[in-house]
Each structure stands twice: as C-alpha cells, then as structure tokens.
Asker: 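Please see the structure below; I have some questions.
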Amino acid sequence: MRIMHEHDRLDTLRHSMAHVMAEAVLELFPGTQIAIGPAIENGFYYDFDLPRPLVNEDLETITEKMKAIIVRNLAFERKVITRSEARELFKDQVYKLELLDAIEEGEEVSIYSLGEFTDLCRGPHVESTKELRSDAFKLMNIAGAYWRGKETNPMLTRIYGTAWSNAKELRLYMQHLEDVEKRDHRKLGRDLDLFSLHEEAGPGLVYWHPNGARIRQEIENFWRAEHYANGYEMVYTPHIGKSWLWETSGHLGFYKEGMYPSMEMDNADYYIKPMNCPFHIMIYNNSKRSYRDLPFRWAELGTVYRYEKAGTMHGLLRVRGFTQDDAHLFVTPDQMEEEIAEVLRFSLYMLKSFGFSDIAAYLSTRPEKAVGDPKRWDDATEALRRAIEKEGLSYEVDEGGGAFYGPKIDLKIKDAIGREWQLSTVQFDFNEPERFDMTFVDRDGTEKRPYMIHRALLGSLERFFGVLIEHYAGAFPPWLAPEQIKVIPVSDAYDEYARSVVSELKKAGLRASGDYSDNRMNAKIRTAQNLKIPYMVILGEREKESNGVSVRYRTGRQENSIALGSFIKQVQATVAAKAQLS
RNA sequence: GCCAAAAUAGCUCAGGGGUAGAGCGGCUCACUCGUAAUGAGCAGGUCAAGGGUUCGAUUCCCUUUUUUGGCUCCA
C-alpha cells in the first residue's frame, strides 16, 4: 500500500473540507453559483457567487451546517463521465461550465459526489466525512476574489478556512496566529514608539520616530561602512526631474500610472522620482568613460515615491514613499560575471549580519516581450545562475518571469517563525543604457555599451524595518536597540549614583538613560521590560557601596554586583558582534 | 482600483435617538521602595469628515477619507 505523505494527506483532507463547505453553502443559500475550492497552505477556500453578501454571523451558520454534514458520514464518490454528461449536470453552474471548457480534450472528466452535492473535481478526496474532524477546522474570513484572478472578471465571495488532522493541531495553529499577531510591526511600532503613519498627512508615508530613527541610523551606518569597504562610492541625487528624464528612461511610457502626477514650473513638467537609476545614469553620462574606469559601483539611499493603489498599502511593508538601498553597477561585458558573483556574496553577507541565515534565490528569465539582444540575455542569465550556484544557494527558476528589460535574481529570507520575505534584488537592465545612449571607450578605441545592473540588498529601509521588527518581535539585538540600557535606581536616594552610571555608559558610546520616576523598582523594571530594552541596571545601597552595578537582562537572567567596567566591556562586545541576547 | 468589515480619549475597548464610559498611559500629590504594576486625585473627546432623516443624531441613511482582511497590482 502506498504511504501518503503527511503533506498530501492534509491537502486531501483540506480539499475535502472545501467540498463540505460548498455543500453547506448550497444547502443554506440555494441558487449559489460555485467556482473553485482548492486546498491551500494551512487550509482551504471556496469561491462562491452568492444571492446576497455574507456577514460574519453567516460563518457560524455555515460552520454549524458543516459539522452537521460531517456527522452524516457521507462518502465521497468519484465518477468519470463524458463531457456532454458533465455539461448537462452543470448546466446551471456557469463557472463549472467554463472550467469544463478549460479541460483539455482527451483528459478524463471526473466528478465527486458528497450527498446531494456534486462537484467537477480532479480529486483526490478522503473516502468519507468520517475522516474529517468537526473540531479540527475553523472558517477564518470572508474576502472578495476575482473569478480566475482577473481584475476584469466578476468579484466572487471567497470563504477561507483552516483545517487540520485533529483539534490539537488546530489549537497549535491558532496559537501560531496569535504569535504572528504579537509580532505585527504595526502594533509594535506603536507600542515601542518606532514610527507612525498619518491619514491626514497622506497615506503610505512613513514618519520615523526617534526610536525608529535610532535603529535606521545603525542600519545606515553599517550599510555605508560596508559599501565603502566593498568598493562602492556614494552619490546623492535630486528627488524630482523634468519629464525629459522620464521620457528618456521610458518610465512615462511604461509606468506613468505608478508615478505621482507632474508639477509644472517654468513651462516644464517635473516628476517626483519613482526610481533612482536615471539620475545615476546622468552622472555616468556626465563624462566620457573609459574601460579603465569601469566598473563603477554607485550607491545611494534614495527615497522614491510610487503611487500604490489605495487598497494595497500595509504598514511599513507596502508604502508610497520609501528609501531604497539602491546601487547601480556599470560594467564592461567581461567584468559582468565577477561583479554579479560579488554582488550576491555581498548581499548574503549583509542579510546574515541581520540574523537571517535561511536564504533562497529566485532566478527570473527572459519574458515574451523583452528588449535587448537575446545573446546578452543568455549571457546575463547564465552569469546569474553561475553566481547562485557558486554561493551554493538553493534556487527556483521563474521562466519568463524577468522584467522586460533584463533577467534578475531575487533573494528571499525566512524570519524567526518561518515566514518568507523578499528582500534583495539584482536586476540586469538592457533598456536604459540604450535609451540614454551610455557608452565607454574600449581598449580598441571604439565606443561600446556598458552593462548596467540595479541592485538593492535590503530592498527598502521601510520594508526592511518592518521585516526586522517582526523577525525580532521588537526585541532588537543590542546593536540595533534604540535604548540599550535602562538604569533603574531602587529609590530616589540613588538617583545621583544612577546619573553618574548613565554618564559613564554614555561616555562608553552606549545608549542609556535613567528611570527617575517615582515608581517602585518593580514598576520601572516592568516598563523597561515591556519596551524590550536589552539591559536593565539596578542600583541601590549594595551597588552604590561597592561602586558596581546589578544587571537584569531582557531575558530574565540576573548578574548581581559586578564592576561597571566589566559590564561596559561585555555590552560593547555584544554590540560589536551584532549578537542577540540569549 | 475591486469585495467585505470597521472608525468612540494617546493605546485597548464598552456603550447607545435625549449633552459620553472603563482600564492602561499622561499630569499632580503622598509613599522611599531590591528584580514584571504603591495609593489618591486631576486633566483629556466636534464619537473620522461632509450631507440627509428627526423636535433632537455620536447612534439611523447617503457620500467621502482612512484602516483591517482578501483579490488584483508591485517597474
């Protein structure tokens, strides 16, 4: 007998659960048109065209109905039928008829029946609802979804559910969701006073508060130092440019709807920048370039603005104004491969410095519509592939998934609870060097076209910050923590000693402050703990007498009456190592 | 942009056709404290905005804005 993998088994169970839900919805809402209902990660969904919109209370009713169906111990019966039989069977189900048309000639058409409910379906399913547990599923939410995912198609009502083998697994999953909620960067951003967004001042535009700005400064300082150390130069470029620039780059032709609208001045249209690259090209084209000058590696923390559709914004993760950790490499064809490998190595180094070690690559190749010589595409794509392989990364190929102007590598990291986030991107560009007529004079005295590579390692600082907050659940490692040390005198009799300790800590380059409120020590600790400050220094009679400190770590660990100097050294070492408290 | 839900104090939330409530936070005072909340008092709101229904709207209706969960998009 074939042993089914756990994954397949759960998928089957979830898919069957989707059928049970469809049966329940059809019983409760006669006349409903049903579309598709697959298993997905953690559960299932089914899309319906319902006689009326659903409200949240309906989920309870549907849940009860599903439980009633499950206890009926109905069998899932598979049958292979002909096309015309299927057409007759689903004559009132317009979406099923459309799906039927999409099944290729020669492929068999199968249906599954569950009680009164019959669905066009490839299967597989569990044998009977006996195998489903009515205490191991939960309907999660109602959402709109376009039929077949196309914006021009009608909007259907999608019901999402989660389903597991047993009640315990469901409970664990619900706990996981709670954990995710606790990590939500929007909540932590408020609680830790890191950033804010203001509807009255413009949606999708981020305000970095002092605490958030501290973290950003640390990230930026590290980023700049590493870029200089890796052969990059910094540039600064304007935030707006005349329409000439964007016509030449092609942005006005291809991406105008993604740009903030123009402003007119002195009979010219200016646009706020959605990308930094045309500006970097202006610097390149400012002089005649020789092959001896190349490669150029120019980096900029460039703030760009893009018009994201109203419904798509999400905290820091999807915003309208953001700062890319951008760089452009202008290289000769024979430098390309080494440069790509180097960018990838650098990228991995940067990500690992922030505690991300589980990294996967995605290689996107030439799409149908593309600019540039196919030979160059092949060369570039192979260079990207070799670079990935050289770094020993696991990768997937997205055939035809590249931008029209060049192939790319995206890197995705996994955070502390296993969620994937795309951060780095390395993209070839065969478009802009043409459009801006970029050249360099080669060894043989002729003018040639340089290769151009766009790359962002962290993506954007806003998005990266959001990911970091969720990754660390707000408990930043000391090198990033906005406040590293809270000095807590046990009563105001020790405020003076506390001030002298704070002053020593600051002299040592550490971020520290004292809590001189009239709260009790317990309350001060609680406050500091809730702010996830890595170190708490407790000062009372014992410490004052011995001229030492007692340390309470964020983790709960304690070290009593140690010398201030050795504490400082220890913190400095942790900061220098960019280590997390364990 | 589309579907649905939501918007009440800085935060979390209760309430409800007749002048607005709690906890936390803030401020003031008392307490002088040893590893996750000392006590008391005070202040704080055009109930998102605009329009309508009504004798009267924060409450009901409409529009707009924003937010949330999805869909689409993401150069």
Side-chain angles (χ1 to χ4, degrees), chain A residues 45 47-50 52-59 140-160 181 184 186-187 190-191 193 196-204 246 249-259 274-275 277 304 306-315 317-320 322 324 402-406 408 422 425 427 429 431-432 454 459-460 463 488-495 517-531 536-543 550-554 556-561:
Chain A
Y45 68 79
D47 286 346
F48 303 103
D49 196 344
L50 288 149
R52 67 157 171 88
L54 291 183
V55 293
N56 280 323
E57 291 77 72
D58 290 325
L59 287 187
M140 303 298 283
N141 45 38
I142 302 165
Y146 298 108
W147 166 237
R148 300 190 135 185
K150 273 191 71 176
E151 213 172 348
T152 48
N153 282 347
M155 175 75 63
L156 305 172
T157 303
R158 175 173 297 177
I159 304 177
Y160 282 97
E181 208 176 311
D184 192 316
R186 292 166 300 182
K187 176 177 162 46
R190 244 196 329 271
D191 293 350
D193 199 13
S196 57
L197 296 141
H198 301 272
E199 59 172 275
E200 67 276 31
W246 308 109
S249 70
H251 288 101
L252 278 179
F254 291 108
Y255 308 112
K256 188 160 195 243
E257 75 292 343
M259 294 170 67
M275 292 188 105
C277 39
V304 299
R306 299 179 184 178
Y307 179 79
E308 298 289 349
K309 284 185 191 170
T312 61
M313 262 119 38
H314 180 87
L317 300 178
R318 193 73 187 275
V319 290
R320 283 187 176 156
F322 55 96
Q324 293 181 305
F404 75 91
Y405 52 78
K408 63 171 181 174
Q422 194 217 302
T425 181
Q427 310 187 343
D429 188 342
N431 185 47
E432 287 186 292
H454 307 248
S460 84
R463 186 180 152 79
I488 298 175
V490 300
S491 82
D492 62 12
Y494 310 100
D495 281 5
S517 68
D518 56 7
N519 286 317
R520 286 173 48 195
M521 179 203 64
N522 280 317
K524 292 180 183 179
I525 288 174
R526 184 165 192 275
T527 304
Q529 192 79 45
N530 286 339
L531 290 173
M536 284 158 263
V537 165
I538 318 283
L539 302 177
E541 189 56 33
R542 294 206 288 273
E543 290 75 18
S550 287
V551 183
R552 182 194 160 96
Y553 296 77
R554 182 173 61 199
R557 188 158 71 91
Q558 287 176 42
E559 252 180 280
N560 289 331
S561 296

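Naming convention: chains lettered A, B, ... in sequence-line order (proteins, then strands); numbering from 1 in each chain.
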Asker: If the cut-off is 4.0 Å, is A:Tyr160 near the phosphate of B:A4, judged by side-chain N/O to OP1 or OP2?
Answerer: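 The answer is no; no side-chain N or O of A:Tyr160 sits under 4.0 Å from OP1 or OP2.
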
Asker: Please tell me which of the listed nucleotides, B:C73, B:U67, B:A75, lies nearest to the side chain of A:Ala403?
Answerer: B:A75

Asker: Report the stems of RNA chain B as range-with-range entries sorted by first number; a stem here is at least three consecutive pairs, Watson-Crick or G-U wobble, both distances under 3.5 Å, and write none if there are none.
Answerer: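 Paired runs of 3+ in RNA chain B: B:1-7 with B:65-71, B:10-13 with B:21-24, B:26-30 with B:38-42, B:48-52 with B:60-64.
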
Asker: Determine whether a donor-acceptor pair (N or O, by modelled atom type, separation under 3.5 Å) exists between the side chain of A:Arg306 and the backbone of A:Gly258.
Answerer: no

Asker: Rounded to the nearest Å, what distance is computed from the CG atom of residue A:Leu317 to the C1' atom of nucleotide B:C73?
Answerer: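 About 16 Å, once rounded to whole Å.
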
Asker: Between B:C55 and B:U67, how many Å separate the two C1' atoms, rounded to a whole number?
Answerer: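 36 Å, rounded to whole Å.
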
Asker: Produce the list of close N/O pairs, under 3.5 Å, pairing protein atoms with atoms of nucleotides 6-12 of chain B; give distances to one decimal.
Answerer:
from: B:C11; atom 1: O3'; to: A:Arg190; atom 2: NE; distance (Å): 3.3
from: B:U12; atom 1: OP1; to: A:Arg190; atom 2: NH2; distance (Å): 2.8

Asker: What's the NE2-P distance between A:His251 and B:A75, to the nearest Å?
Answerer: 11 Å

Asker: A:Arg186 near the nucleic acid: base, sugar-phosphate alone, or nothing, with a heavy-atom cut-off under 4.0 Å?
Answerer: sugar-phosphate

Asker: Examine B:A4: is either OP1 or OP2 under 4.0 Å from a nitrogen or oxygen in the side chain of A:Arg52? Give yes or no.
Answerer: no

Asker: How many Å lie between CH2 on A:Trp147 and C1' on B:U72, as a whole number?
Answerer: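 It is 16 Å, rounded to the nearest whole Å.
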
Asker: Expressed in whole Å, how much space separates the C1' atoms belonging to B:G21 and B:A43?
Answerer: 16 Å

Asker: Quiz question: going by heavy-atom distance under 3.5 Å, is there a donor-acceptor pair between the base of B:C73 and the side chain of A:Arg306?
Answerer: no

Asker: Starting from C1' on B:C73, measure out to NZ on A:Lys150 and report it in whole angstrom.
Answerer: 14 Å

Asker: For the side chain of A:Arg158 and the base of B:C3, is some donor closer than 3.5 Å to an acceptor across the two?
Answerer: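 Side chain to base: no pair present.
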
Asker: Return the value, rounded to whole Å, for the distance between atom CG of A:Asn153 and atom C1' of B:C2.
Answerer: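 Atom-to-atom, A:Asn153 to B:C2, this comes out as 12 Å.
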
Asker: Could you tell me how far apart A:Arg320 (CZ) and B:A75 (C1') are, to the nearest whole angstrom?
Answerer: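 Between C1' of B:A75 and CZ of A:Arg320: 17 Å.
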
Asker: Has the side chain of A:Arg552 got a donor or acceptor atom that lies under 3.5 Å from a matching backbone atom of A:Gln529?
Answerer: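 A pair under 3.5 Å: no.
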
Asker: State, with a plain yes or no, whether a side-chain heavy atom of A:Glu559 is found less than 4.5 Å away from one of A:Ser550.
Answerer: no

Asker: Taking atom CD as the centre, does A:Glu181 end up with more than 12 heavy-atom neighbours from other residues, nucleotides or ligands that are less than 6.0 angstrom away?
Answerer: no

Asker: What I want to check is whether an N or O donor and acceptor connect the side chain of A:Tyr146 with the base of B:G1 at under 3.5 Å.
Answerer: yes

Asker: Are the side chains of A:Lys309 and A:Arg318 in contact, using a 4.5 Å heavy-atom criterion?
Answerer: no

Asker: Would the distance check show the side chain of A:Arg158 and the main-chain N or O of A:Ala143 forming a donor-acceptor pair, the cut-off being under 3.5 Å?
Answerer: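 The answer is no, because no donor-acceptor pair under 3.5 Å joins these two groups.
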
Asker: Tell me, for nucleotides 22-37 of chain B in 5' to 3' order, what letter each nucleotide earns: B for a base near a protein heavy atom under 4.0 Å, S for only sugar-phosphate near one, - for neither?
Answerer: --------BBBBBBBB

Asker: Rounded to the nearest angstrom, tell me the gap between atom CD in A:Glu200 and atom P in B:U65.
Answerer: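 The answer, rounded to whole Å, is 16 Å.
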
Asker: For B:G69, does OP1 or OP2 lie under 4.0 Å from any side-chain N or O of A:His314?
Answerer: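 Yes, A:His314 has a side-chain N/O under 4.0 Å of OP1/OP2 on B:G69.
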
Asker: Quickly work out the A:Met275 CE to B:C74 P distance and round it to whole Å.
Answerer: 13 Å

Asker: Any base atoms under 4.0 Å from A:Phe254, or only sugar-phosphate, or nothing? Heavy atoms, all strands.
Answerer: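 No contact at all - A:Phe254 keeps every heavy atom at 4.0 Å or more from the nucleic acid.
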
